[in-house]
*Asks:* 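Here it is: the structure, laid out below.
Note: hydrogens, waters and symmetry copies are ignored here, and every other heavy atom, side chains too, is used. As the structure lists them, so they are numbered: ligands from 1, and atoms in each ligand from 1.
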Amino acid sequence: MKHEISMREAISLHWWAVRQWWDVEPKLFLSTCAYTLAKHLSPYVTIWLSAQLINELAGTRDPERLKFWVLLTISLTAALQLLTAVLYHWRQAVHGAEWELENRMQTRKMLDMDFSTVESPETENLLHAMRKHMMGNLYGFVDIHGAFTESIVGGCASASGAAALTVSMFARPVTAGSLQWLNHPLAAAGVVVLLLGMTVLSLVLSAKASENSAQLWPCSNIYNRVLSYYPNFCGESRRAMDIRMYEQQKVVLPTMERAAMYRKGAPAIAILCGRVAPYTAAGRVVNAVLTGIVYVFVCLKAWGGAFGVGSVTQYVGAVTQLCGGLSEMLGTIGRLPFNAAYLRDIRAFLELPNHMYQGSLPTEKRDDREYEVEFRDVSFLYPGSESWALRHVNMKFKIGSRLAVVGMNGSGKTTFIKLLCRLYDPTEGQILLNGIDIRKYRYDDYLDVFAVVFQDFRLLALPLGQNIGASREYDRDRAEDCLKKAGFGQRLASMGSGLDTYLYKELDEAGVILSGGEAQKVAIARALYKNAPFLILDEPTAALDPLAEAEIYSKLNEIVGDKTAIYISHRLSSCVFCDEIAVFHNGTVIQQGTHEELLKNRYGKYYELWNAQAQYYT
Ligand code: ADP
């Protein structure tokens with residue numbers, strides 16, 4: 001992915017980010033604008049009031065008018081300070097949720113995207129890039145209002161406040177003869193052009209400083225990688241053992257020191273001091289000259305009798321305030337391309353399209369479970385792959401039957417299940433449910449027909465019962481019953497909080513760590529609880545000890561009941577009881593039949609596999 005981002009693209013990416021946040025929580029934008037307006041406009045009110053006070057003191061000195069200005073200055077300034085403080089806290093309170101909202105936005109996207117997109121290398125790369133940017137970005141996506149919105153709105157507010165307070169400076173004529181040239185429109189135009197010129201110069205310098213700071217990016221890459229790797233690495237208990245055993249701190253700490261970005265003599269220091277600081281300093285000088293020009297112009301006009309000392313305070317104060325606001329705004333604008341790299345990745349991620357066709361047909365809810373599934377000449381290529389994972393697969397499942405899918409590693413068994421569950425769509429051919437292409441059904445409705453225990457299933461760090469019921473509210477009796485059927489009854493009885501026991505320790509210190517076999521039983525119970533017409537078990541007993549395996553198999557018929565069951569298994573002995581066995585080889589179904597039928601073919605793959613494994617069963 002290219003690194004250079006033009007200013008135009010950067011602005012459009014920031015504008016996109018502001019709109020994203022607007023959709024999520026408009027108060028983020030509103031509170032920022034309200035606070036920024038109060039913060040940037042109130043100094044102008046104070047400057048104007050002070051000018052009136054000084055003018056009165058230097059002029060007629062009317063006690064009544066002086067009293068009026070003093071009271072007005074005190075009360076208005078206090079009210080504005082109070083308003084600014086209240087708005088500040090409102091903004092802080094609203095913005096406190098930003099990080100969590102961004103997390104939720106990303107999680108929702110992950111949950112909503114096509115499975116094939118989750119698995120794609122492009123998504124993996126984007127997630128990696130986002131994580132990298134998060135460590136080293138300026139303000140990224142989260143603080144877009146604190147930086148972008150605030151400086152733009154603040155800059156505009158400063159410009160409007162200053163314009164309102166300084167416009168009269170040009171309108172008031174000088175009376176002294178020698179300075180009358182200051183009244184000429186060209187003199188005013190000259191000052192305005194000079195001010196604009198200096199402002200542009202300041203912008204150019206700030207952009208240059210920012211462009212050069214982009215050179216810090218490659219330095220921060222290795223720094224971030226090392227910094228994000230080692231603290232996590234050293235904190236993992238399994239690795240902490242190795243570290244102590246081999247005194248690896250002797251190599252870890254020096255590696256971290258060498259990668260440090262701001263160590264003495266590091267390239268980052270040279271970039272900051274040699275290529276960033278000179279432009280930043282020059283920008284400051286330009287700003288000082290800009291203020292100086294204003295001082296000279298205002299003082300000359302006052303000297304020529306155009307206005308009194310109070311107005312001098314007003315004009316100088318307003319322009320100084322404006323310079324501060326503008327330089328903050330210009331600084332932020334100059335840094336936009338640097339920050340935009342992160343926004344570009346997060347935008348690409350959030351806008352990853354879903355390609356799968358989403359049908360609208362509801363699936364029939366049949367009490368008789370008369371569902372029929374057919375693979376009709378199905379072939380499948382994984383995205384980006386050139387070899388067929390499945391080729392010309394034809395198969396019909398009989399309702400209520402037990403189908404075993406066997407074959408060597410890589411023969412296409414899991415892919416077959418992934419297509420059946422519509423995690424992918426076939427590249428060629430069709431899969432039909434009750435005679436209708438499964439793409440035409442509503443996706444969530446179609447998934448209701450299946451309960452799958454994947455080989456690499458994952459349980460959530462949540463209470464056991466919520467894992468089983470996949471919900472905060474669930475039928476506790478049914479959950480317990482399913483756990484017992486899956487052979488988890490004894491373990492459940494030993495758990496102090498029963499179904500409310502947390503799994504794993506991430507969210508609860510008292511959470512339990514399950515062994516591989518126990519977790520597999522919970523996963524089986526979760527599938528049973530779903531009570532779907534099709535139950536699919538991918539290597540259902542791989543993590544179980546021989547006793548637990550025998551227990552599950554002895555109860556399998558009871559567990560499965562009237563459901564249609566599909567088992568994927570390496571262990572052919574566990575398939576003997578199935579009504580039908582499909583033998584996969586190189587992505588194709590090469591044999592199908594009962595155990596006895598398949599064994600009769602002494603030249604078939606099944607016979608070969610059976611004999612290869614027979615030594616372990618006898
Ligand atoms: P089995 O379950 O029989 O071990 P799989 O269905 O997992 O086999 O794999 C079938 C073929 O598809 C293998 O050649 C495997 O390398 C390939 N494959 C599996 N998953 C992916 C994937 N996500 N991307 C690309 N190829 C894959």
Side-chain angles (χ1 to χ4, degrees), residues 110-111 113-128 352-356 373 375-395 397 402-431 438 450-458 516 520 523-524 527 534-544 565-575 578 580-593 595 598 604-610 612-613 616:
M110 281 309 277
L111 293 173
M113 68 176 64
D114 285 349
F115 176 76
S116 54
T117 314
V118 177
E119 268 207 336
S120 86
E122 189 199 347
T123 311
E124 181 65 29
N125 287 344
L126 271 177
L127 284 170
H128 184 69
L352 277 170
N354 278 349
H355 295 296
M356 264 188 159
V373 174
F375 272 56
R376 197 177 283 172
D377 200 19
V378 169
S379 296
F380 180 67
L381 270 178
Y382 276 101
S385 168
E386 285 176 0
S387 52
W388 294 96
L390 288 186
R391 198 69 184 130
H392 301 304
V393 173
N394 286 291
M395 198 184 290
F397 307 153
R402 316 271 182 266
L403 170 73
V405 175
V406 302
M408 297 195 302
N409 278 339
S411 57
K413 304 183 296 292
T414 303
T415 308
F416 168 74
I417 299 301
K418 284 182 180 169
L419 292 194
L420 178 61
C421 300
R422 228 196 140 197
L423 295 176
Y424 290 99
D425 279 335
T427 315
E428 291 173 8
Q430 276 184 315
I431 303 172
I438 59 172
F450 300 96
V452 190
V453 181
F454 290 106
Q455 200 174 353
D456 50 357
F457 65 87
R458 291 282 182 276
Q520 203 158 30
I524 292 174
F534 282 81
L535 179 66
I536 302 172
L537 304 170
D538 188 352
E539 288 292 338
T541 56
L544 301 184
I566 303 172
Y567 307 102
I568 300 184
S569 186
H570 280 303
R571 254 172 284 203
L572 300 198
S573 62
S574 56
C575 307
C578 287
E580 190 153 32
I581 299 171
V583 185
F584 273 70
H585 189 60
N586 288 340
T588 312
V589 182
I590 52 166
Q591 282 183 287
Q592 205 167 342
H595 172 70
L598 292 175
K605 191 83 193 163
Y606 188 81
Y607 184 83
E608 181 194 327
L609 291 171
W610 178 263
Q613 292 186 359
Y616 301 115

*Asks:* Give me the nearest non-hydrogen protein atom to atom 2 (O) of ligand 1 as residue plus atom name, then the distance to 0.1 Å.
*Replies:*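 That would be Thr414 OG1, 2.6 Å.
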*Asks:* Where is the nearest protein heavy atom to atom 4 (O) of ligand 1: which residue, which atom, and how far?
*Replies:*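 Nearest protein contact, heavy atoms only, for atom 4 (O) of ligand 1 is Gly410 N, 2.8 Å.
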*Asks:* Just by distance, do the side chain of Ser379 and the backbone of Glu428 share a donor-acceptor pair under 3.5 Å?
*Replies:*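 No, Ser379 side chain to Glu428 backbone: no donor-acceptor pair under 3.5 Å.
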*Asks:* Flag Glu119 as yes when one of its N or O atoms lies below 3.5 Å from any N or O atom of ligand 1, and as no otherwise.
*Replies:*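 Glu119 vs ligand 1: N/O contact under 3.5 Å present.
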*Asks:* With atom 9 (O) of ligand 1 as the reference point, say which of Ile568, Val405, Asn409, Thr415 has the nearest heavy atom.
*Replies:*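 The residue whose heavy atom sits nearest atom 9 (O) of ligand 1 is Thr415.
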*Asks:* Quick check: does any side chain N or O of Lys413 sit under 3.5 Å from a backbone N or O of Met408, one acting as donor and the other as acceptor?
*Replies:*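 Yes, the answer is positive, given that a donor and an acceptor are paired below the 3.5 Å cut-off.
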*Asks:* Assign the ring pair His595 / Tyr606 to parallel, tilted or perpendicular, where the plane angle (0 to 90°) is split at 30° and 60°.
*Replies:*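 Ring orientation, 0 to 90° scale: perpendicular.
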*Asks:* Compute the shortest N/O to N/O distance between Ser385 and ligand 1 and return yes if it is under 3.5 Å, no if not.
*Replies:*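 Between Ser385 and ligand 1 (N or O atoms, distance only) the closest approach is not under 3.5 Å.
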*Asks:* Can you tell me how far CZ of Phe380 sits from OG1 of Thr427, rounded to the nearest 0.5 angstrom?
*Replies:*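 Atom-to-atom, Thr427:OG1 and Phe380:CZ are 5.0 Å apart.
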*Asks:* Aromatic rings Tyr382 and Tyr424: how do their planes relate, parallel, tilted or perpendicular, breaks at 30° and 60°?
*Replies:*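 Because their plane-to-plane angle is over 60°, the rings of Tyr382 and Tyr424 count as perpendicular.
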*Asks:* Is there any N or O on Lys418 that sits under 3.5 Å from an N or O of ligand 1?
*Replies:*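 Lys418 vs ligand 1: no N/O contact under 3.5 Å.
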*Asks:* Is atom 16 (O) of ligand 1 close to the protein, meaning a heavy atom under 4.0 Å from it?
*Replies:*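 It does not: no protein heavy atom is found less than 4.0 Å away from atom 16 (O) of ligand 1.
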*Asks:* Does only the side chain of Met408 get under 4.0 Å from ligand 1, or the backbone, or both, or neither? Count heavy atoms.
*Replies:*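 The answer is the backbone of Met408.
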*Asks:* Hey, is atom 19 (C) of ligand 1 touched by any protein heavy atom at less than 4.0 Å?
*Replies:*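 So far as the 4.0 Å threshold goes, atom 19 (C) of ligand 1 is in reach of a protein heavy atom.
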*Asks:* Is there a donor-acceptor pair closer than 3.5 Å between any side-chain N or O of Asp377 and the backbone N or O of Gly429?
*Replies:*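 The answer is no, because no donor-acceptor pair under 3.5 Å joins these two groups.
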*Asks:* Counting each atom of ligand 1 from 1 as listed, which ones have a heavy atom of Gly412 under 4.0 Å away?
*Replies:*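 This gives 1 (P), 3 (O), 6 (O), 8 (O), 10 (C) as the contact atoms.
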*Asks:* If you measure from CD1 on Ile417 to CD1 on Ile566, what distance do you get to the nearest 0.5 Å?
*Replies:*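 The CD1 atom of Ile566 is 5.0 Å from CD1 of Ile417, to the nearest 0.5 Å.
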*Asks:* N/O of Ala389 under 3.5 Å from N/O of ligand 1, yes or no?
*Replies:*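 Not met; the criterion fails.
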*Asks:* Taking the side chain as everything from C-beta on, heavy atoms only, tell me whether Val452 gets closer than 4.5 Å to Asp538.
*Replies:*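 Not touching, per the 4.5 Å side-chain cut-off.
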*Asks:* On a heavy-atom basis, I'd like to know which of Trp388, Phe416, Tyr382 is closest to atom 24 (N) of ligand 1.
*Replies:*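 The option holding the nearest heavy atom is Tyr382.
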